[in-house]
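Contents: one structure, followed by commentary.
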Amino acid sequence: MQIYEELKARGLIAQVTDEAEIRELVNNGKATFYIGFDPTADSLHVGHFMALCLMKRLQMAGNRPIALIGGGTGYIGDPSGRTDMRSMMTAETIQHNCDCFKKQMERFIEFGEDKALMVNNADWLLKLNYVDLLREVGACFSVNNMLRAECYKQRMEKGLSFLEFNYMIMQSYDFYHMFQTLGCNMQFGGDDQWSNMLGGTELIRRKLGKDAYAMTITLLMNSEGKKMGKTASGAVWLDPNKTSPYDFYQYWRNVGDADVLKCIRMLTFLPLEQVDEMDSWEGAQLNTAKEILAYELTKLVHGEAEAEKAQETARGLFAGGGDAANMPCTKLSRADFEGDSIDILTLLVKCGLCASKGEARRLVQQGGVTVDGQKVGDIEAAWSCKDCCGEGKVIKKGKKVYHKALLEE
RNA sequence: GGGGGAAUUCCAGAGCGGUCAAAUGGGGCAGACUGUAAAUCUGUUGUCACUGACUUCGGUGGUUCGAAUCCACCUUCCCCCA
């Protein structure tokens, strides 16, 4: 099966400008394509991960990837799919984020001569002169068309500033620029980027009279139509300091039944035949599929050793008995103890399991806390220093959150 | 440039000068049921020394015994006209 067909079978392709032409280019390794990453945070997240995987797949098929970091577009902010304006980032923040991105990407994609390229659009965008730019490309954009673009729809109701309105022009300019300087003939991106990407192909056609192509990746949605890779407390990050490998593993281990296969297909590199076999699984058997998904992804992002650890920890905790060595752990100090003891409420707050004592109190009263396998229902419960030494205390909050508190002397 | 309206807790959105830590919905958290799933039902959801006290309703002042509620100014946003 060729690469284009595989991408299609995995459900990764959402929209394309010219299917026949793109298939031809991609399958024969003739595409030089770029994907843009906006440095809005200091770590990549799951959405970026899909894009990185796509780059990798295409690179393996002989195509040349360009990772474009939006150091320049970061000054403007993409309004697509947002209901409010982004807060403006300072130059330092943008630079810091770009650096972080670069480091993380290097783990997935091979950069170098005749391999993947990494460029930053700050290098050309920041040099642009307003009037020159208007004269150069301004005539190629129809405001009428832009206003119709899907990416501005939501914002048309709430209000869209001129600043953000220009995002599409900047992105189009990137494509135009790289088409000429790097021979970049294709752009990939999230499906929410479709109109921005069309802006680019359109600009190239008008200015240069040549064809360039665009293809979008299906956004990973769960069965409820929400973007995946988000939790209540924010995105699922690839940076182990922001989302630990264990939490990362657990996120995928807990996806809904309806979403497992889709995730495996889209995110992992498991051969399609193997995935197709899993298609017939149902009921509790899907738990195995979830384990595979979680393991595979953790392995891709954090490496095999971390994946093993996360899996063992999870199995140990949930199947009972097993070792608790790798669960998240908070180290206590003598100062945390009042006299010789620490009470349950303080302990929960110290471990970050509860935001306040009030919350901890409720949790305990509602029977949501277990320590060392014993349910704790008394808010007065307390332990001494000695209790917390050695193996420490294993606290279980609710059904799934395990945490260890340890006093080291 | 002119006119009008809005800002409330994680979000949306009620809120009569005292009975307002503030309706309702969503989300979150927990309990029951389960398969570490979904659905459902129940409880809970400002902080603390939790029968009590304290700090909140864009900001700053003011009126009042008493202000989320009234007044002034400021800030931000939206709408209409140009």
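Chain naming here is simple, since letters A, B, ... match the order of the sequence lines and numbering starts at 1 in each.
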Would you give me the side-chain donor-acceptor pairs under 3.5 Å for residues 374-387 of chain A, sequence neighbours excluded?
unit_1, atom_1, unit_2, atom_2, d
A:K375, NZ, A:G367, O, 3.3
A:D378, OD1, A:E380, N, 2.9
A:S384, OG, A:K386, N, 3.4
A:S384, OG, A:D387, N, 3.4
A:S384, OG, A:D387, OD2, 3.3
A:D387, OD2, A:S384, N, 3.0

Report all side-chain donor-acceptor pairs from residues 116-128 of chain A shorter than 3.5 Å, counting only partners two or more places apart or in another chain.
unit_1, atom_1, unit_2, atom_2, d
A:N120, OD1, A:G71, N, 3.1
A:N120, OD1, A:A122, N, 2.9
A:N121, OD1, A:G71, N, 3.2
A:N121, OD1, A:G72, N, 2.6
A:N121, OD1, A:T73, N, 3.4
A:N121, ND2, A:T73, OG1, 2.9
A:N121, ND2, A:D174, OD2, 2.8
A:W124, NE1, A:D174, OD1, 2.9
A:K127, NZ, A:D123, O, 3.3

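The phosphate of B:A37 (OP1 or OP2) has a side-chain N or O of A:K400 nearer than 4.0 angstrom.
Following rounding to the nearest Å, A:F318 (CZ) and B:U34 (C1') show an atom-to-atom distance of 14 Å. Between the CG atom of A:L345 and the P atom of B:C29 there is a distance of 20 Å, rounded to whole Å. When the C1' atom of B:A30 is taken as reference, atom NZ of A:K396 falls 12 Å away, rounded to whole Å. Across the protein-nucleic acid pair, A:K399 atom NZ and B:A38 atom P stand 9 Å apart, rounded to whole Å. Straight-line distance from the CH2 atom of A:W281 to the P atom of B:A37: 18 Å, rounded to whole Å. The separation between A:D257 atom CG and B:U36 atom C1' is 11 Å, rounded to whole Å. Atom NZ in A:K226 sits roughly 12 Å away from atom P in B:G26 (whole-Å rounding). Residue A:K230 contributes atom NZ, which lies 16 Å from atom C1' of B:G28 at whole-angstrom precision.
A:V255 comes within 4.0 angstrom of the backbone, heavy atoms only, and of no base. Nucleic acid contact for A:A314: base, since at least one base atom lies under 4.0 Å from a heavy atom of the residue.
Secondary-structure annotation of RNA chain B gives the stems B:1-7 with B:75-81, B:10-12 with B:24-26, B:27-32 with B:40-45, B:46-48 with B:52-54, B:58-62 with B:70-74, with a stem taken as at least 3 successive Watson-Crick or G-U pairs whose two distances both fall under 3.5 Å.
B:C81 sits 38 Å from B:C10 when the C1' atoms are compared, rounded to a whole Å. For the C1' atom pair drawn from B:A12 and B:G61, the interatomic distance equals 31 Å after rounding to whole Å. Nucleotides B:U19 and B:G66 are separated by 14 Å at their P atoms, to the nearest Å. On the C1' atoms, B:C77 is 41 Å away from B:C41, given to the nearest whole Å. Taking atom P in both B:C20 and B:G52, one finds a spacing of 14 Å when rounded to whole Å. A distance of about 22 Å separates the C1' atoms of B:C48 and B:G43, rounded to the whole Å. The separation of B:A14 from B:U24, taken at their P atoms, amounts to 15 Å, rounded to a whole angstrom. Rounded to whole Å, the C1' atom of B:U9 lies 13 Å from the corresponding atom of B:G27.
Residue pairs meeting the ring pair (Phe, Tyr, Trp, His ring centres under 6.0 Å) criterion with at least one member in residues 326-350 of chain A: none, sequence neighbours excluded.
Side-chain contact check for A:L163 versus A:Y75: every heavy-atom pair is 4.5 Å or farther apart.
With distances taken from any side-chain atom of A:K397 to the nucleotides B:U36, B:A30, B:A32, the minimum falls on B:A30.
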### Verdict with reasoning, A:D239 to A:S43, per side-chain hydrogen bond (donor to acceptor under 3.5 Å, both in side chains)
CA-CA 6 Å; A:D239 180 343; A:S43 168; 4.7 Å; no
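Cation-pi contact between A:R57 and A:F269: present, with separation from the ring centre below 6.0 Å and deviation from the ring axis of at most 45°.
A salt bridge is absent between A:R315 and A:E312; no separation between the charged side-chain nitrogens and carboxylate oxygens falls under 4.0 Å. Salt bridge A:D259/A:K262: present, at least one basic N to carboxylate O contact under 4.0 Å.
Where A:G256 and A:V401 meet RNA chain B, the nucleotide closest to each residue was compared, and A:V401 sits on the side nearer the 5' end. Between A:K375 and A:Q285, the residue whose closest nucleotide on RNA chain B is further toward the 5' end is A:K375.
Listed by residue number, A:S356, A:K357, A:G358, A:R361, A:R362, A:L363, A:Q366, A:G367, A:G368 are the residues of residues 355-369 of chain A with a heavy-atom contact under 4.0 Å to RNA chain B. Of all the residues in residues 290-306 of chain A, A:K290 reach under 4.0 Å from RNA chain B with at least one non-hydrogen atom.
A ring-centre distance under 6.0 Å is not found for A:F179 and A:Y176. Outside the 6.0 Å centre-distance limit, the rings of A:Y295 and A:Y249 are not counted as a close aromatic pair.
A:F248 and A:H302 have perpendicular rings, their planes meeting at more than 60° on a 0 to 90° scale where under 30° would count as parallel.
No option in A:L363, A:T330, A:I395 other than A:I395 meets the side chain to side chain contact (heavy atoms under 4.5 Å, CB included) test with A:L353.
Formation of a donor-acceptor pair under 3.5 Å by the A:Q104 side chain with backbone atoms of A:L44 is found in this model.
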